Amino acid sequence: MRKFVIKVSCDREKITGALLAICLTLLSANQGCAIAIPRTPTTWTTPALPILQPTQTFTKEFLGTDAYLETASVKDIKVTDEPTATRTPTQVPIGTFVLMFYSPLIMSYDSQLWVDKSKYREREFMTNHLLFKELPKCSIGVQGPTDFNGPHTNETVQLGDLSYEVLTFPDLAQDTVSKAYLADLSLVTEVGRPVFWVSAKPDKWEICKGQAEIVLSTLRFP
Amino acid sequence: MTVVTVYVYSPIASGTITGRTKYCVSGNSTCTGSGSTHYGCRGWADRVDVGGSGALYLRVNYPNARRVITYIGSQCCPSCGNIDVKRTVTADIYGLNNTGYCYIGSVMYGHVGSPTVSNGQIHDLTSGSLRIGSAPNTQCGDCYTGAHSHMERLYGSVVAPCCWGPATSTTRIYKFTWDNAQVCD
C-alpha cells in the first residue's frame with residue numbers, strides 16, 4: 001500500500017466533466033461540492049470530505065493502490081502522488097534522530113558529539129545514520145527487517161528503560177567491529193522490531209559503544 | 001541455439017532491499033551490504049531480503065517461464081516456534097519448447113505464511129505471477145525481525161538492486177537462462 005494525496009480543486013466551471021469517473025456532487029451552484037472516491041472499481045465509498053468552495057483546494061491523505069489511483073485520475077480532478085519529500089520531515093530538529101524505516105520512532109543525541117548524516121528527503125537507497133564526530137568510523141546505522149540465520153552470540157543489555165538484544169558475529173572485517181542491536185520488544189513498529197548496527201574501529205570500539213548506547217537508550221515513540 | 005532469459009522479480013510489491021549477501025546497514029552499505037554475512041536457510045546462493053509486508057508472489061517473465069513446481073519445506077529459523085516463519089516455498093522453474101518442459105533453475109522463498117501452493121504442485125502458468133502466501137507480520141527472536149521475504153537461488157545469477165534499493169513487482173532479483181533448442185522432458 002502506498003500513501004497518496006488527492007488534491008481536488010473544486011472549480012464549478014469544471015465539475016461536469018468529472019462526473020463520468022468520480023461521483024462529484026454539486027451541492028449548490030455557489031456553495032461547493034463533495035466527492036466520492038472509489039476504493040475499488042466496484043466499491044464506492046464516501047470519505048468524510050468537507051464541502052468545498054469553488055476553487056478551494058482540499059487535501060486528504062489515504063492509503064491506496066496504483067489501480068486505485070488510476071481509477072481516480074480523471075479529467076478535471078487533479079490527483080497527485082505526493083512527492084516523497086513532502087511526506088518526510090524536512091526540518092528535523094538537531095538532536096533528534098528520526099528513524100525513517102521504523103517510523104515514527106526517534107532517538108535523542110548530543111549534537112556536540114554526533115552528526116546526523118541522514119538524507120531525509122531520499123527514501124530510496126535510504127541514508128539514515130548517526131556519525132560520532134571524533135571517531136569517523138563510529139556510527140549508528142539502521143537495519144531493516146531481516147533474519148540472522150548465521151553463527152552469532154547473543155547477550156541482553158539494559159540501556160536505561162530499554163532492553164536490547166546484542167548480536168556479535170564472527171565474520172566481520174578485521175578493521176571493523178559491528179554489532180547488531182535489536183530493540184526492546186515494546187518498541188516494535190509496523191515494519192517490525194527495530195534493528196541497529198553500531199560500528200567502529202576495533203581500538204575505538206569501547207568508546208563508540210559507550211556513546212552509542214547512550215543514544216540507543218533514548219529510542220522511543222514521540 | 002536460442003538463449004531465453006527468465007527473470008524472477010520481487011515477491012513483494014512495495015518493498016526495500018534490506019539484505020544481500022551481507023546485511024544492509026543504512027549509510028554504510030556497499031551494494032551487497034556491509035554487515036556480517038547474511039546466511040541462508042537452504043545454503044543456496046545470493047541471499048536477498050526484501051523488507052515489506054503483504055502478499056507474496058512468485059513473479060517471472062511469462063511466457064519465458066511456463067511451468068513452476070512448488071515444494072513446501074521448513075528450512076528457516078529452526079529454533080523458532082512459528083511455523084509461518086520457518087516455512088519455505090521452493091519453486092522449480094521450467095521453460096517450454098517443442099520437446100517439452102525444460103528445468104531452468106530454482107528459487108527458494110523463506111518465511112512464507114498462509115501458503116497458497118502445496119508440496120509437489122505443478123503450476124502451468126498462464127501469467128507471470130503466482131501467489132505463494134504472505135509475509136508473516138510478526139517477529140521471532142533474532143531470526144525474523146519483521147515482515148520480509150528471504151530469497152535464495154539455485155543456478156542463474158543475482159541481479160537484485162543494491163542495499164536499500166526499492167523492490168516492486170517489476171524489480172528483477174534473479175536471472176536465469178536456458179537454451180530452448182535443447183531436448184527436454
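This one's a predicted model, so the numbers in the text were calculated from it and none came from an experiment. Order of the sequence lines sets the chain letters (A, B, ...), proteins ahead of strands, with each chain counted from 1.
Using a 4.5 Å cut-off on side-chain heavy atoms (C-beta onward), A/His129 and B/Val25 make no contact. Residues B/Cys163 and A/Phe125 have side chains not in contact (no heavy-atom distance under 4.5 Å, counting atoms from C-beta outward). You'll find the side chain of B/Thr16 reaches within 4.5 Å of the side chain of A/Phe101, heavy atoms only.
Note: B/Ser26 OG to A/Phe196 CZ = 10.5 Å, rounded to the nearest 0.5 Å. Remark: A/Asn128 CG to B/Trp164 CH2 distance equals 8.0 Å, nearest 0.5 Å. From A/Gln143, atom CD reaches atom OG of B/Ser34 across 9.0 Å, with rounding to the nearest 0.5 Å. Here the CG-SG distance, from A/Asn149 to B/Cys41, works out to 4.5 Å after rounding to the nearest 0.5 Å.
The environment of OH in B/Tyr103 is crowded: more than 12 heavy-atom neighbours from other residues, nucleotides or ligands sit within 6.0 Å. Counted within 6.0 Å of CD on B/Gln182, heavy atoms from surrounding residues, nucleotides or ligands total more than 12; the atom is thus considered enclosed. No more than 12 heavy-atom neighbours from other residues, nucleotides or ligands sit within 6.0 angstrom of NZ on A/Lys119. Few gaps surround CD on A/Glu155; more than 12 heavy atoms of other groups in view lie less than 6.0 Å from it. Heavy atoms of other residues, nucleotides or ligands lying less than 6.0 angstrom from CD of A/Gln158 number more than 12.
In terms of heavy atoms, A/Pro145 sits closest to B/Gly51 at CG-CA, 3.9 Å. Listed here is the closest heavy atom pair of B/Tyr39 and A/Pro151: CE1-CD, 3.4 Å.
Contact annotation for A/Val191: only backbone heavy atoms (N, CA, C, O) come within less than 4.5 Å of a heavy atom of chain B. For B/Cys162, the parts lying under 4.5 angstrom from a heavy atom of chain A are both the backbone and the side chain. Of the two parts of B/Ser53, neither the backbone nor the side chain holds a non-hydrogen atom closer than 4.5 Å to a non-hydrogen atom of chain A.
Identified under the disulfide (SG to SG under 2.5 Å) test for residues 147-193 of chain A, with sequence neighbours left out: none.
Highest contact tally toward chain A, considering only B/Ala147, B/Cys77, B/Cys76, is held by B/Ala147 [criterion: heavy-atom pairs under 4.5 Å]. In terms of non-hydrogen atom pairs under 4.5 Å with chain A, the most contact-rich of B/Pro78, B/Gly146, B/Pro161, B/Gly19 is B/Gly146. Of the listed residues (B/His148, B/His150, B/Lys22), the one with the most heavy-atom contacts under 4.5 Å to chain A is B/His148.
A/Thr146 and B/Asp49 share a donor-acceptor pair across their side chains, judged by distance under 3.5 Å alone.
Every side-chain contact (heavy atoms from CB on, under 4.5 Å) that A/Leu167 has, sequence neighbours left out, goes to A/Phe148, A/His152, A/Asn154, A/Glu165, A/Phe169, A/Ala180, A/Leu182, B/Asp142.
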